Amino acid sequence: MGKLRFSSLFHSSSSSSADLEAKKQNRRSFSALSSSLRQKDVQTNGAAAPPAPSKPAKTETSSTSRMVALARQITEATEKLEAHMKANNLPMPSFDVDSPADFPKLPEDVQKSRQEIIHATKELGLLAHGPRESVRWGIWDFLDVLALSAINHYGIAKLVPTDSTITLTELQAKTSLDPINLARLLRMAMTNGIFREPSPGVIAHTAASRVLAEDENMQAWVGFNGEDIFPSAGHVLQALKAYPEATSLTRSGFQFAFDTVDKEPMFATFGKDPNRARRMGRAMASLTGGEGYEPSYFVDVENGGYDFSDLDAAGGTFVDIGGSHGFMCVDLANKYKNMKFVVQDLQKTVDSAPNPISADPQVAERITLLAHDFFTEQVTKDADVYFFRWIMHNYSTPYAVRILKNLIPALKPGARVVINDHCLLEPGQENPWDERVMRRMDVVMLTLLNAQERTEVEFRELFAAASDGFVFKGVRRPKGCRMSIIEAVWQPEKVEKVEETAAAAAAAAPAAAVAAAATEAETPAPAVDPTAAAAAPSPGPGVDVEEAAVKPVADPVVAENGAAVAPAAEETKVAEAK
Ligand SMILES: C[S@@+](CC[C@H](N)C(=O)[O-])C[C@H]1O[C@@H](n2cnc3c(N)ncnc32)[C@H](O)[C@@H]1O
């Protein structure tokens, strides 16, 4: 049950191609299963219909008309956006230092126009550059990161007054950067609308550089990207060459960049450095506070969020695993007045949560914070919902399967497992803005953690790999939200049925054939996870593949904030949480 039946999938392949296939499957999904499921999923999963596919790419000969079509689209969409802003007395977008840093929440159709402008200007720009020049200069984008990262590191934005200007010489006196390097970095950033130079040698803020001066979470976001992700990205090729399967938490670009290969996962490194950990925490706050990620999308039923009315009527229990400081449970408890909530996270996170968790006692008394490591068996038994938000995408398949398996001993029939994460659509199905963000996030996950964003098929396979008892319910996505709601329900009778069928087949088959089949089904593919291979002898027949892969790093360094976390001392029953 729940074992990855690798060898049966490719028993006819040569051993080297089988190795390769096993590595691929361990990383992303089980491709043979994927292709057979893909068509069915589209028809049966109940997910919100994907947006209309973008127009097929035009051939070179029609690029002139495409350019004009894009220009018209940009004009129309811009006029629509501007009309809305004017009609509502909203300030027009501008680089001016006093311009608002964010758009207000726009009606759906106006937001769509805004997205069209962003996408069509990008496409038009690419066409106008032409293929060769686009590639030549596209690869230089890392220099934008370098300039912004240096400006942020030296805190230059905070040294520039918001209501006047400053000369480069004056600015230099306030930093250790000499005027020449200061000027070249600033002028590079100015090509992206960050700072301006109203007269030679005189620097002033734009709206964007002002954000950098005033928004601490944005400073952390730039710092985390520039000083942690950027060096890691520069080492991904090295990591992939050394460990092409790219599943281990201790062999990603991050470890190659910071000399921690086979020593510790990124979160453990951050756990030893409070400043770096704090910066990442703030960077995450910046990200998750951004457009399309607000927790309200999950709560707002009218907009496609999750409706817990039935559970509320029954006084049910919701467990937020890796729930940080419990903000999602606070939002839900504000809406649902009878449900109980358990927020589980690592000890350090639980210890730093606000106390009380809400100023409203009716909310606070229904929320329990509990130290629990999700790489150990679930301690809150018989809850109605086990919820993971921004968790699964931090882990490659072997780890993610282990996390799901750890739920099983606590699950009652009908228990729901709800994941709130990105869910990748087929290329061209996603709206272009979200597609860009999500594809980038997928590669960030590879860079730092050898982890990944997933498609619906891959989520389905994750549950299937954990146990046949998880019945996949599908994926849906609240309107305007970038995160999807992925759900499975625990139906243990399914496991029993599968086991009965297997037993009946065994009884009917000749003993020798059954023995051979069993060996084949349970023998893991070679080298499924390099961490396992390095730390333990190759697992033999009957060894659970994911277990072998996860074990060496699950204890205890896998803890995301780096704490060496002991499993919770005692089991917590739902009753205790009430
Ligand atoms: C990316 S954050 C997501 C937080 C929250 N769910 C949200 O939606 O913002 C991951 C969370 O998982 C917690 N975490 C990491 N490893 C963990 C583990 N082994 N057991 C429990 N929680 C863990 C972290 O402390 C952090 O709060």
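Worth saying up front: this structure is predicted, and the values here are computed from it rather than measured. In listed order, ligands and their atoms are each counted from 1.
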K.L.:
Please list, chain by chain and in numerical order, all residues satisfying side chain to side chain donor-acceptor pair (under 3.5 Å) with N334, sequence neighbours excluded.
P.N.:
none

K.L.:
For atom 20 (N) of ligand 1, state which one of F387, F375, F374, F388 supplies the nearest heavy atom.
P.N.:
F374

K.L.:
Angle class for the Y395/F374 ring planes (parallel below 30°, perpendicular above 60°, tilted otherwise)?
P.N.:
perpendicular

K.L.:
Parallel, tilted or perpendicular: which one describes the rings of F308 and Y306, with boundaries at 30° and 60°?
P.N.:
parallel

K.L.:
Out of I403, L370, L346, D345, whose heavy atom is nearest to atom 25 (O) of ligand 1?
P.N.:
D345

K.L.:
Over 60° means perpendicular and under 30° means parallel, so tell me whether F256 and Y243 are parallel, tilted or perpendicular.
P.N.:
tilted

K.L.:
Any heavy atom of H372 sitting closer than 4.0 Å to ligand 1?
P.N.:
yes

K.L.:
Answer yes or no: does an N/O atom from D373 fall short of 3.5 Å to an N/O atom of ligand 1?
P.N.:
yes

K.L.:
Counting each atom of ligand 1 from 1 as listed, which ones have a heavy atom of W390 under 4.0 Å away?
P.N.:
1 (C), 3 (C), 7 (C), 8 (O), 9 (O)

K.L.:
Holding to side chain to side chain donor-acceptor pair (under 3.5 Å), I want the full list of residues that pass it with D320, two or more places apart in sequence or in another chain.
P.N.:
none

K.L.:
Just let me know how I391 lines up against ligand 1, side chain, backbone, both or neither, with a heavy-atom cut-off below 4.0 Å.
P.N.:
side chain

K.L.:
If you count the atoms of ligand 1 from 1 in the order shown, which ones are under 4.0 Å from a heavy atom of T349?
P.N.:
25 (O)

K.L.:
Would you call F327 a ligand 1 contact, heavy-atom distance under 4.0 Å?
P.N.:
yes

K.L.:
Do N406 and I403 have side chains that approach each other closer than 4.5 Å (heavy atoms only, starting at C-beta)?
P.N.:
no

